[in-house]
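Being a predicted model, the structure only gives us computed values, none of them experimental.
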Amino acid sequence: MTEVNEPKNILNASDKRNEVSSATAKARPIKIPDTLTVKQLAGLMQVSAVDVIKRLMRNGIMANINQSINYESAAAAAVTFGFQAQLKDQTGPKSVSLIREIKEQQRQQVKEISNLKPRPPVVTVMGHVDHGKTRLLDAIRKTNVIDSEAGGITQRIGAYQVEVDGQKITFLDTPGHEAFTAMRSRGARVTDIAILVVAADDGVMPQTLEALNHAQAAGVPIIVAINKMDKPEANPERIKQQLAEAGLVAEEWGGDTVCIEVSARGKKGISKLLENLLVVTEMEELKADYHRPAEGVVIEANMDKTKGPLATVLVHNGILRVGDIVVVNDTWGKLKAMLNSEGKQVRRAEPSTPVEILGLGVVPSAGDTFTVMAGESQARTLAEKRKAEITQKQGSTKAVSLTNLMEQVSAGQVRELNVILKTDVQGSIEPIRNSLEQLATEELKVRVLHSGTGVITENDVMLALASKGIIIGFNTNTEAGAKRSAEREGISIRNYNVIYNLIDDVGKALKGLLAPSRIEVIIGRAEIRAVFSASKKQKIAGSYVTEGKISRGSSIRVISKNQIVKESTIESLRRFKENVTEVATGYECGVIIKDFNEFKVGDILEFFKTEEVN
């Protein structure tokens, strides 16, 4: 009887609070427009935006600070803060009727909230290679997964569920942070808490900082596990100092980051790590609706030769069952079987549970969302609708670039310019970072989200995609795969050799004064496989075209060991003894470059042209 009466009591208490709020002098009138952002609503009520977001979440509305909500949703939240909501430019009896409508909505929302129940947390383990991520997870699960991994390195995303003191926890073991970010870039919130593993005998490494940047970009709580404490050279205080320099200050140093000293091999400190994990979980108040049709996200997928398309999915809401008709992004299928993390067949999967599903028509992508539908016709209709929406979005959405920056600021799409900075040497990072951050205006902040030395990689492109940022390179090159990914995703990559030009361009972009830029378009690549002498002063690069095509009128750069050694033009392009205008993929040719003879076997020739873009 108690469980039946609780929702009714809650409803009565809510009604009484609202009636008192409306009837007393404390109720303050507030005029709300048809649509406004969460930030604007918080400003109107002079309350914290975080409190507004929490209230909306309790009402079943998931919205971030810059997301627009309608009048009904905003008014329902405003009433709970003690305001008398009125539609802007409307007063008198109409506002009273609107309040009545809001009350009815709240009654329905109370019913929906009663369906929310606690769910297990989803924890992602991240960190530098060989710092013991998988072995730590191994110690928690009391299994021996790491010995089955090639070379002891995780080659895929593993999703596992364990039970700690009667509470279930789902762990994700990632092979690379670009996979973590790739899923987030598609709008998939796959993790609730991140464990950052740092080896006590090695310290904070470049990939550690990458993991930290990706976790911070996802906006999830971070717990640091200082691993390998069983080694005599372990120095946890040095680790905490390095973390503090990176922006993570340990609790014992006056910060709010939980740092736990552990030994995965010796299985020491594991209990303390799990205790703190459960404390953070309790603070997060993680809940899910168990009574709605199941929905969730794809963690990984592959094509099996005998079973067909397989996908590991994580359930967010509802209960997924064998036989359900599922729409995954813009495709659909009927589930034939489900396997849990131990490889055993199961009939159902509750929220925060990872399972491998069989029955999809095609292999989905990591980060694709799935939804259970009532029937095949509804599934087909939704899949077609999503396909149309994807096509429309691809045609209308513009990635952030320096040249369209002010346009997106004016449209309210950008409030912060996120920059991924790559330089040739460490000494260049700090002055460039400081100069960029000093360019910030009241309308637009400049944030260097990630910085490092070396070439621009696909991981940098994925981070820029997820954070809606741009990539700036200083005296460095871009990997071929990164260039292709950037072109495909529309990510802006700017390379500079003079720091003043770099700062000047960003400064002009922030003021809307930057002229259209000229970008490089890679048209082909070739590998040097032999070097011949054409004369005493000239050498020929015997090359094999590996990608695209090369033409005599294009510019060329010679890349040796990921470093650009020369940029010039083609003086001669031949196949056998004949002069040709272009050579396609899969053919050999001889190339003579103007004012350059220092060819080496294995060097890469990159052919490009420049185009003006707005």
Could you give the distance from [atom1] ([X]) to [atom2] ([Y]), rounded to the nearest 0.5 Å?
X: T353; Y: L314; atom1: OG1; atom2: CG; answer: 8.0 Å
X: L274; Y: I140; atom1: CG; atom2: CD1; answer: 5.0 Å
X: E350; Y: K117; atom1: CD; atom2: NZ; answer: 8.5 Å
X: I169; Y: I193; atom1: CD1; atom2: CD1; answer: 8.0 Å
X: R380; Y: M373; atom1: CZ; atom2: CE; answer: 12.0 Å
X: R494; Y: L421; atom1: CZ; atom2: CG; answer: 14.5 Å

Which heavy atom of [X] sits nearest a heavy atom of [Y], and at what distance?
X: Q345; Y: L339; result: CG-CD2, 3.4 Å
X: V125; Y: F171; result: CG2-CD2, 4.2 Å
X: S352; Y: Q161; result: O-NE2, 3.2 Å
X: A85; Y: A75; result: CB-CB, 3.7 Å
X: L358; Y: K307; result: CD1-O, 2.9 Å
X: V280; Y: P221; result: CG1-CB, 4.0 Å

Using a 4.5 Å cut-off on heavy atoms from C-beta on, say whether the side chain of [Y] contacts that of [X].
X: I493; Y: I456; answer: yes
X: R119; Y: D192; answer: yes
X: L335; Y: L320; answer: yes
X: W332; Y: L382; answer: no
X: F370; Y: V315; answer: yes
X: L463; Y: D460; answer: no
X: L44; Y: F83; answer: no
X: V298; Y: N329; answer: no

Practice problem: Just do the side chain to side chain contact (heavy atoms under 4.5 Å, CB included) check on L243 and T257 with the steps written out, would you? | Solution: CA-CA 10 Å; L243 289 170; T257 302; over 6 Å; no
Quiz item: What do the steps show when you test L36 against I69 for side chain to side chain contact (heavy atoms under 4.5 Å, CB included), and what is the final call?
Solution: CA-CA 6 Å; L36 76 170; I69 56 176; 4.3 Å; yes
Exercise. Check the pair R55, V52 against side chain to side chain contact (heavy atoms under 4.5 Å, CB included), reporting the backbone distance first and the verdict last.
Key: CA-CA 5 Å; R55 177 60 59 185; V52 176; 5.6 Å; no
Okay, side chain of [X], backbone of [Y]: is any donor-acceptor separation there less than 3.5 Å?
X: N340; Y: V346; result: no
X: E284; Y: V220; result: no
X: Y290; Y: P118; result: yes
X: N317; Y: E295; result: no
X: T281; Y: P121; result: no
X: T312; Y: I299; result: no
X: K422; Y: V455; result: yes

Quiz item: Does the pair E285/K287 count as a salt bridge with the N-to-O cut at 4.0 Å?
Solution: no
Quiz item: Crowded around Q378 CD? As in, over 12 foreign heavy atoms under 6.0 Å?
Solution: yes
Exercise. Check step by step if side chain to side chain contact (heavy atoms under 4.5 Å, CB included) holds for V258 and V279.
Key: CA-CA 11 Å; V258 177; V279 169; over 6 Å; no
